[in-house]
Amino acid sequence: EVQLVESGGGLVQAGGSLRLSCAVSGFAFDDYAIGWFRQAPGKDREGVASISIYGNRNTYYADSVQGRFTISSDGAKDTVYLQMSSLKPEDTAVYYCAADQYVLTDGSWWNDNPDAWGQGTLVTVSS
């Protein structure tokens, strides 16, 4: 059974940093595209960052977080991280880890129906 468990959410002031973790189990870590989505109150869920299974594990970012967020992975720990810096109030959302056997994004399109979702972790950025 594929399982994704997020942690690391919390309350942070604008301009601050936070690191989210996603522990994965039930599948071969390197065989899945893994990434992060978020859903702000009253808004649709949107893709944030992804590690592809193609092209030497290429990374992709939404324009809104490019240069501020960094996605990384530790295969030895089967964990994916999202380092968030220069946080803004508009980054406030529930952040979800996601995994798919094929693709989460190609840079212009985000797969909103991946094979697996985590339960989500809340990030609140105060102004």
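Everything numeric here is computed off the predicted structure, so don't read it as measured data.
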Distance-minimising heavy-atom pair for [X] and [Y]:
{"X": "A62", "Y": "G47", "value": "CB-O, 3.4 Å"}
{"X": "P114", "Y": "A98", "value": "CG-CB, 3.9 Å"}
{"X": "A99", "Y": "L4", "value": "N-CD1, 3.8 Å"}

Do any side-chain atoms of residues 74-81 form donor-acceptor pairs under 3.5 angstrom with protein atoms, and if so which ones, sequence neighbours left out?
from: D74; atom 1: OD1; to: A76; atom 2: N; distance (Å): 3.0
from: D74; atom 1: OD1; to: K77; atom 2: N; distance (Å): 3.3
from: T79; atom 1: OG1; to: K77; atom 2: O; distance (Å): 2.8

Task: Step-by-step side-chain contact (heavy atoms from CB on, under 4.5 Å) determination, V12 to T124 - done: CA-CA 6 Å; V12 62; T124 303; over 6 Å; no
Open item on the list: Going by the rule salt bridge (Lys or Arg N to Asp or Glu O under 4.0 Å), which residues pair with E46 if we only count those two or more places apart in sequence or in a different chain?
Closed with: R38
Counting N and O atoms only, with roles assigned by atom type, does the side chain of [X] sit under 3.5 Å from a partner on the main chain of [Y], one being a donor and the other an acceptor?
{"X": "T121", "Y": "G9", "result": "yes"}
{"X": "S86", "Y": "G15", "result": "no"}
{"X": "Q83", "Y": "R19", "result": "no"}
{"X": "Q119", "Y": "V5", "result": "no"}

Rounded to the nearest 0.5 Å, how far apart are [atom1] of [X] and [atom2] of [Y]?
{"X": "C97", "Y": "L20", "atom1": "SG", "atom2": "CG", "value": "9.5 Å"}
{"X": "Q39", "Y": "Y95", "atom1": "CD", "atom2": "OH", "value": "12.0 Å"}
{"X": "Q101", "Y": "D31", "atom1": "CD", "atom2": "CG", "value": "8.5 Å"}
{"X": "I34", "Y": "S50", "atom1": "CD1", "atom2": "OG", "value": "9.0 Å"}
{"X": "T105", "Y": "N111", "atom1": "OG1", "atom2": "CG", "value": "9.0 Å"}

Task: Any F69 side-chain heavy atom under 4.5 Å of S85 side chain - done: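 No, their side chains stay 4.5 Å or more apart.
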Open item on the list: Tell me every residue that passes side-chain contact (heavy atoms from CB on, under 4.5 Å) with V2, counting only those two or more places apart in sequence or in another chain.
Closed with: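 Partners of V2 under the side-chain contact (heavy atoms from CB on, under 4.5 Å) test: F27, Y32, A116.
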- [ ] Taking side-chain contact (heavy atoms from CB on, under 4.5 Å) as the test, write out the residues that go with Q3, two or more places apart.
- [x] E1, S25
Task: Residue pairs passing the salt bridge (charged side-chain N to carboxylate O under 4.0 Å, His left out) test where at least one lies in residues 64-73, sequence neighbours excluded - done: R68-D91
Open item on the list: Quick test of your reading: applying salt bridge (charged side-chain N to carboxylate O under 4.0 Å, His left out), list the pairs with at least one residue in residues 102-118, sequence neighbours left out, ordered by first then second residue.
Closed with: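 As it turns out, there is no salt bridge (charged side-chain N to carboxylate O under 4.0 Å, His left out) pair with a partner in residues 102-118 once direct neighbours are skipped.
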TODO: Under the side-chain contact (heavy atoms from CB on, under 4.5 Å) rule, what do V123 and T92 come out as? Steps first, then yes or no, please.
DONE: CA-CA 5 Å; V123 172; T92 294; 6.0 Å; no
TODO: Following the transitive rule for hydrophobic clusters with a side-chain heavy-atom cut-off under 4.5 Å over Ile, Leu, Val, Met, Phe, Trp and Tyr, establish whether Y60 and W36 coincide in one cluster.
DONE: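 No, it is not one cluster - the side chains of Y60 and W36 are not joined through contacts under 4.5 Å.
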Open item on the list: Let's go through Q13 and V125 carefully: what are the C-alpha distance in whole Å and the side-chain angles of both, what is the deciding distance for side-chain contact (heavy atoms from CB on, under 4.5 Å) to 0.1 Å, and is it a yes or a no?
Closed with: CA-CA 5 Å; Q13 288 188 333; V125 184; over 6 Å; no
Task: Members besides F37 in its Ile/Leu/Val/Met/Phe/Trp/Tyr cluster (side-chain heavy atoms under 4.5 Å) - done: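 V94, Y96, L104, W110, W117, L122, which link up through side-chain heavy atoms under 4.5 Å apart, make up the rest of the cluster.
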